[in-house]
Amino acid sequence: MNILGISCYYHDAAASLIRDGQLIAASEEERFSRIKHDYGFPKQAIEFCLEQGGIRGEDLDYVVFFEKPFRKLDRILASVLQTYPQSYKVFRESMITWVLDKLWVGSTIEAEIGVKRDKILYSDHHLSHAASAFFCSPFEESAIITVDGVGEWTTATIGVGRGNEIRLLKKIDFPHSIGLLYSAFTAFLGFEVNEGEYKVMGMAPYGVPRYVDKVWKVVRQNQDGSFALDMDYFSFQHSTDQTYSRKFVELFGDPRPYNLNFFTEGTGFPKYFGDPPSNYNELCKLNQHYADIASSIQKVTEELLLGIVRSAQQLTGLKKLCIAGGVGLNSVANTRIFKETPFHEVYIQPAAGDGGGSLGAALWAYHSILGKPRNFVMKNAYWGRECREAEISDFLTSHNIRHTILRNEDELLDRVVERIVGAKVIGWAQGRFEWGPRALGSRSIIADPRNPEMKDIVNSKIKFREPYRPFAPSVLAEAAGTYFDLEDPPAQYPPRFMLYVVPVRPQHHATLPAITHADGTGRLQTVFEDQSPLYYRLIKRFGQATGVPVILNTSFNLRGEPIVTTPANAFHTFSTSEMDTLVIGNFMVDKSTM
Ligand SMILES: [Fe+2]
């Protein structure tokens with residue numbers, strides 16, 4: 001039985017194909033359309049899923065959309081009418097997109113995929129989130145929390161999963177939303193909403209949470225974990241382009257200009273920014289103020305999530321927890337949940353945001369509607385498209401790109417390790433690309449984490465990112481405990497997908513300077529031989545050469561672009577940056593010999 005799940009028209013559009021309960025393929029549309037966070041109908045992701053499954057649209061038994069369009073329309077109408085006429089603009093814009101796209105999603109699915117109306121099902125937004133975690137987890141029974149910006153009416157739920165059933169027990173409705181609260185601060189700190197949230201999380205360790213009391217003025221939490229925003233501080237409920245109000249600015253001061261380079265006394269002034277400005281000290285102080293705000297909102301978000309999780313524990317009495325929704329990508333908060341609550345087994349799948357809703361919707365239909373038993377655990381993120389050998393070879397040959405063919409795995413590993421040890425930066429594209437926003441060794445830029453200069457080298461040569469964005473370490477699962485303060489790392493699922501941030505053991509700060517963040521932590525990826533054989537053996541070989549089985553891993557893309565998909569994308573990124581070597585499949589291109 002083939003079931004296709006679809007999510008689109010809000011954040012990340014995506015498609016997922018399951019067959020008899022097993023995941024066959026899943027991808028966000030942005031990987032194909034090359035439009036970051038593409039939310040349009042995921043035509044190319046669907047084509048890929050069908051191709052990977054070796055089927056056509058008419059072979060699908062069901063297509064499941066990740067939410068109920070009418071319920072969402074109801075929310076928009078109600079919230080807009082409450083704040084009318086301030087909200088006229090949002091009303092008009094919403095109506096245009098609703099009439100054009102969302103209400104007609106059934107017709108679009110019918111026309112684009114060629115399935116009959118009676119095969120199209122609609123899940124519920126937060127049920128799709130819950131299903132995307134629980135039905136991919138190894139747990140027979142667990143508590144589930146979903147937390148996002150907003151889906152239909154709801155912004156957070158507590159639920160319970162048992163076997164092939166999920167029940168949502170409690171919920172919080174719009175406009176009270178942790179996702180939208182965090183996004184308001186993301187915008188205030190000069191970043192793009194739905195994109196810059198990671199930057200806020202990365203900036204937080206450079207600050208001191210001195211404004212926590214002020215943040216608690218705009219949001220409050222009750223004993224039972226429920227929470228409410230004071231809507232006087234926000235404007236997302238009646239504006240399409242402004243998330244916080246004048247009262248918010250009166251409380252926190254002027255917003256951070258979006259083009260202000262970020263540096264503090266802690267980061268120093270990165271060489272790749274050029275010469276320090278004449279008002280360096282003044283700007284350091286100003287940035288410190290914003291880092292303190294980032295630290296404060298991060299801290300309050302963690303407290304809010306801990307409140308929800310404790311309530312989930314009291315309601316369910318269970319010891320295992322699944323987390324989903326965009327807020328589930330806050331790896332710092334996830335770690336506190338693991339360490340500070342009675343939940344000692346946590347599962348989060350890599351596409352925790354709306355893209356993952358497509359997978360949740362398909363799994364919900366299979367298990368909860370059709371009543372089929374579970375037979376799948378997601379242990380890796382490699383559900384995207386692979387670059388085929390002929391495709392790579394044709395691309396390189398037809399563009400006259402000088403390359404070396406690596407004859408076997410040994411030669412490939414030796415050549416790559418030799419370059420990493422020699423301080424080179426490598427573009428690494430192998431196997432099927434990752435599901436979700438993190439690069440996990442299929443489309444990664446890799447380098448030597450032991451080199452104190454490497455953070456600046458990668459930032460300046462490749463990503464042009466700001467210094468607060470930490471690079472992540474990929475480590476052999478069985479060696480992770482040596483370098484990172486985490487209990488029994490191979491037993492934990494979230495670090496497989498870089499969803500925990502844990503302390504680097506103090507004696508290894510000096511061993512791993514390029515991946516140790518300002519506060520002594522690292523967002524580790526545990527790598528398993530049975531799930532990522534080539535990447536595992538690369539890290540192992542690097543460990544044999546250097547004594548440290550850890551590699552610096554960052555996503556293979558230029559700033560502002562989606563992660564690379566095809567040989568053409570990979571080569572474009574390689575040639576427009578100062579990366580030294582590109583390895584796609586068993587083909588290697590060295591910039592020095594091009
Ligand atoms: Fe969502």
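All ligand and atom numbering here is 1-based and tracks the order in the structure. Bear in mind that the values here come from a model prediction, so they are computed numbers and not experimental data.
In this structure, His129 and His126 have perpendicular ring planes: the angle between them is above 60°, well past the 30° mark.
Atom OD2 is the N/O/S atom of Asp148 found closest to the Fe ion (ligand 1). Between the Fe ion (ligand 1) and the N, O or S atoms of Asp354, the shortest distance is to OD1.
For residue His129, an N/O/S atom approaches the Fe ion (ligand 1) to within less than 2.8 Å. His125 lies close to the Fe ion (ligand 1), since one of its N, O or S atoms is found at a distance under 2.8 Å.
Checking Ile113, Val64, Val115 one by one against Leu4, the side chain to side chain contact (heavy atoms under 4.5 Å, CB included) holds for a single residue, Ile113.
Under a 3.5 Å cut-off, the side chain of Glu29 and the backbone N or O of Ala45 do form a donor-acceptor pair.
By the 4.5 Å heavy-atom criterion applied to side chains, Glu28 and Trp435 are counted as neighbours.
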